[in-house]
Amino acid sequence: MRTPIVAPSLLSADFSRTGEAVRTIEAAGATWLHLDIMDGRFVPNLSFGAKMVADLRSSSSLFFDAHLMTVEPESLIDAFIEAGADAITFHVESCVHAHRLIDRIKAAGRKAGVSLVPSTPVEAIAEAMRWADIVLVMTVDPGFGGQRLIPRCVEKVAAIRAFRDREGLAFDISVDGGINLDTAPGVVAAGADVLVMGSAFFESRDQSALIEAVSALRGPYSSQLA
Ligand code: DX5
Ligand code: ZN
């Protein structure tokens with residue numbers, strides 16, 4: 001039976017000690033590392049680039065989940081493949097040819113993700129969802145950690161889950177923004193498989209317990225699978 005995956009986000013770590021932050025994530029029992037790439041154009045903030053990913057890659061076997069919040073993601077894909085990202089997620093709002101980009105990422109043997117911001121309707125990614133490995137639902141306006149989840153976005157998770165099941169698709173549904181112990185049960189109940197956590201993870205006093213608590217949550221069809 002699938003259990004929810006927690007993907008701690010490096011964005012909330014102390015950037016002067018990123019290697020140490022990755023060790024903290026590993027020690028807490030997480031298996032994914034979420035890497036927020038911000039270009040100061042698609043979102044009003046800058047974070048870090050492919051070199052950071054490559055440098056961390058050399059000392060970690062976590063699943064590297066790169067989230068590109070950038071314009072023209074097609075110009076950056078090769079650098080993140082080269083850097084060793086296991087999954088590369090880009091925004092449909094910044095890419096006309098999502099199908100082509102998904103194909104390129106998959107051809108490199110990586111998981112391909114598509115993401116949508118809160119004001120983009122689910123219908124706008126209906127076609128891209130047919131080819132994606134991951135659908136990342138932004139539950140805050142992207143750009144900064146530590147914001148509050150926008151409740152309407154949880155309904156989008158449920159709609160995407162229903163679409164996936166109806167169409168017999170197999171992508172993972174990821175949620176990103178304002179996820180903590182209070183909001184996690186609701187997004188898992190709506191159908192989320194992967195929970196990105198920035199500030200909630202790094203501000204937690206017991207990170208192992210946090211991972212365990214979220215992993216113990218059960219989604220829509222758990223009773224049939226248990
Ligand atoms: C926001 C980023 C998130 C961020 C989440 O633009 O995409 O991944 O790190 O941070 P929290 O969990 O603090 O909302
Ligand atoms: Zn993110």
Side-chain angles (χ1 to χ4, degrees), residues 4-15 18 21-22 24-25 28 30 32-50 52-53 56 62-71 73 76 80 83 85-95 105 111-120 125 132-154 156-157 172-188 192-205 207 210-211 213-214 217:
I5 293 166
V6 178
S9 170
L10 192 69
L11 188 67
S12 296
D14 178 342
F15 279 12
T18 47
V22 173
T24 300
I25 291 166
W32 283 39
L33 171 66
H34 187 78
L35 297 152
D36 284 308
I37 314 303
M38 301 180 175
D39 67 351
R41 293 184 64 203
F42 182 72
V43 290
N45 197 6
L46 287 164
S47 58
F48 51 84
M52 174 77 91
V53 177
L56 295 173
L62 290 170
F63 184 89
F64 276 21
D65 177 35
H67 175 195
L68 271 54
M69 285 161 279
T70 72
V71 298
L76 290 165
F80 285 92
D86 295 293
I88 301 173
T89 293
F90 63 90
H91 275 264
V92 288
E93 299 87 357
S94 65
C95 179
I105 297 168
K111 301 290 183 200
V114 289
S115 183
L116 71 174
V117 304
S119 56
T120 299
I125 61 159
D133 297 304
I134 298 170
V135 173
L136 186 154
V137 180
M138 285 301 317
T139 39
V140 298
D141 287 308
F144 304 93
Q147 304 180 77
R148 286 174 75 87
L149 176 142
I150 300 168
R152 162 69 189 150
C153 299
V154 182
K156 289 165 74 178
V157 173
D172 274 357
I173 301 171
S174 179
V175 286
D176 188 3
I179 307 297
N180 52 41
L181 270 181
D182 293 330
T183 56
V187 291
V188 171
D193 305 292
V194 179
L195 283 72
V196 176
M197 274 194 190
S199 46
F201 179 84
F202 282 99
E203 286 168 12
S204 167
R205 270 191 245 123
Q207 288 149 331
L210 175 67
I211 303 274
V214 175
L217 296 170

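Whatever order the structure lists ligands and atoms in, that order sets their numbers, starting from 1.
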Please answer whether the main-chain N or O of Asp141 pairs with a side-chain N or O of Gln147 as donor and acceptor at a distance below 3.5 Å.
yes

Dump all N/O pairs between ligand 1 and the protein below 3.5 Å as a table: atom names plus distance, one pair per row.
{"from": "ligand 1", "atom 1": "6 (O)", "to": "Gly143", "atom 2": "N", "distance (Å)": "2.8"}
{"from": "ligand 1", "atom 1": "7 (O)", "to": "Asp36", "atom 2": "OD1", "distance (Å)": "3.0"}
{"from": "ligand 1", "atom 1": "7 (O)", "to": "His67", "atom 2": "ND1", "distance (Å)": "3.4"}
{"from": "ligand 1", "atom 1": "7 (O)", "to": "Asp176", "atom 2": "OD2", "distance (Å)": "2.9"}
{"from": "ligand 1", "atom 1": "8 (O)", "to": "His34", "atom 2": "NE2", "distance (Å)": "3.4"}
{"from": "ligand 1", "atom 1": "8 (O)", "to": "Asp36", "atom 2": "OD1", "distance (Å)": "3.0"}
{"from": "ligand 1", "atom 1": "8 (O)", "to": "Asp36", "atom 2": "OD2", "distance (Å)": "2.6"}
{"from": "ligand 1", "atom 1": "8 (O)", "to": "Asp176", "atom 2": "OD1", "distance (Å)": "2.6"}
{"from": "ligand 1", "atom 1": "8 (O)", "to": "Asp176", "atom 2": "OD2", "distance (Å)": "3.0"}
{"from": "ligand 1", "atom 1": "9 (O)", "to": "Ser9", "atom 2": "OG", "distance (Å)": "2.9"}
{"from": "ligand 1", "atom 1": "9 (O)", "to": "Asp36", "atom 2": "OD2", "distance (Å)": "2.9"}
{"from": "ligand 1", "atom 1": "12 (O)", "to": "Gly198", "atom 2": "N", "distance (Å)": "2.8"}
{"from": "ligand 1", "atom 1": "13 (O)", "to": "Gly146", "atom 2": "N", "distance (Å)": "2.7"}
{"from": "ligand 1", "atom 1": "13 (O)", "to": "Ser199", "atom 2": "N", "distance (Å)": "3.0"}
{"from": "ligand 1", "atom 1": "13 (O)", "to": "Ser199", "atom 2": "OG", "distance (Å)": "2.5"}
{"from": "ligand 1", "atom 1": "14 (O)", "to": "Gly178", "atom 2": "N", "distance (Å)": "2.8"}

Closest to the Zn ion (ligand 2), which N/O/S atom of His67 is it?
ND1

Please find the pair of heavy atoms, one from Asp39 and one from Thr70, that lie closest to each other, and give the distance.
OD2-CA, 3.1 Å

Would a 4.5 Å heavy-atom cut-off, applied to side chains only, mark Val140 and Met138 as touching?
yes

Do Asp176 and Val137 come close enough that some side-chain heavy atom pair is under 4.5 Å?
no

Please determine, by modelled atom types, if His67 and Asp65 share a side-chain donor-acceptor pair under 3.5 angstrom.
no

Test item: Pro73 and Phe42 side chains (from C-beta on) under 4.5 Å apart, heavy atoms
no

Identify the two heavy atoms, one from Gly178 and one from Thr183, that lie closest to each other, and give their separation to 0.1 Å.
O-OG1, 2.9 Å

What angle sits at the Zn ion (ligand 2) between NE2 of His34 and OD1 of Asp36, to 10°?
90°

Asp176: which N/O/S atom is nearest the Zn ion (ligand 2)?
OD2

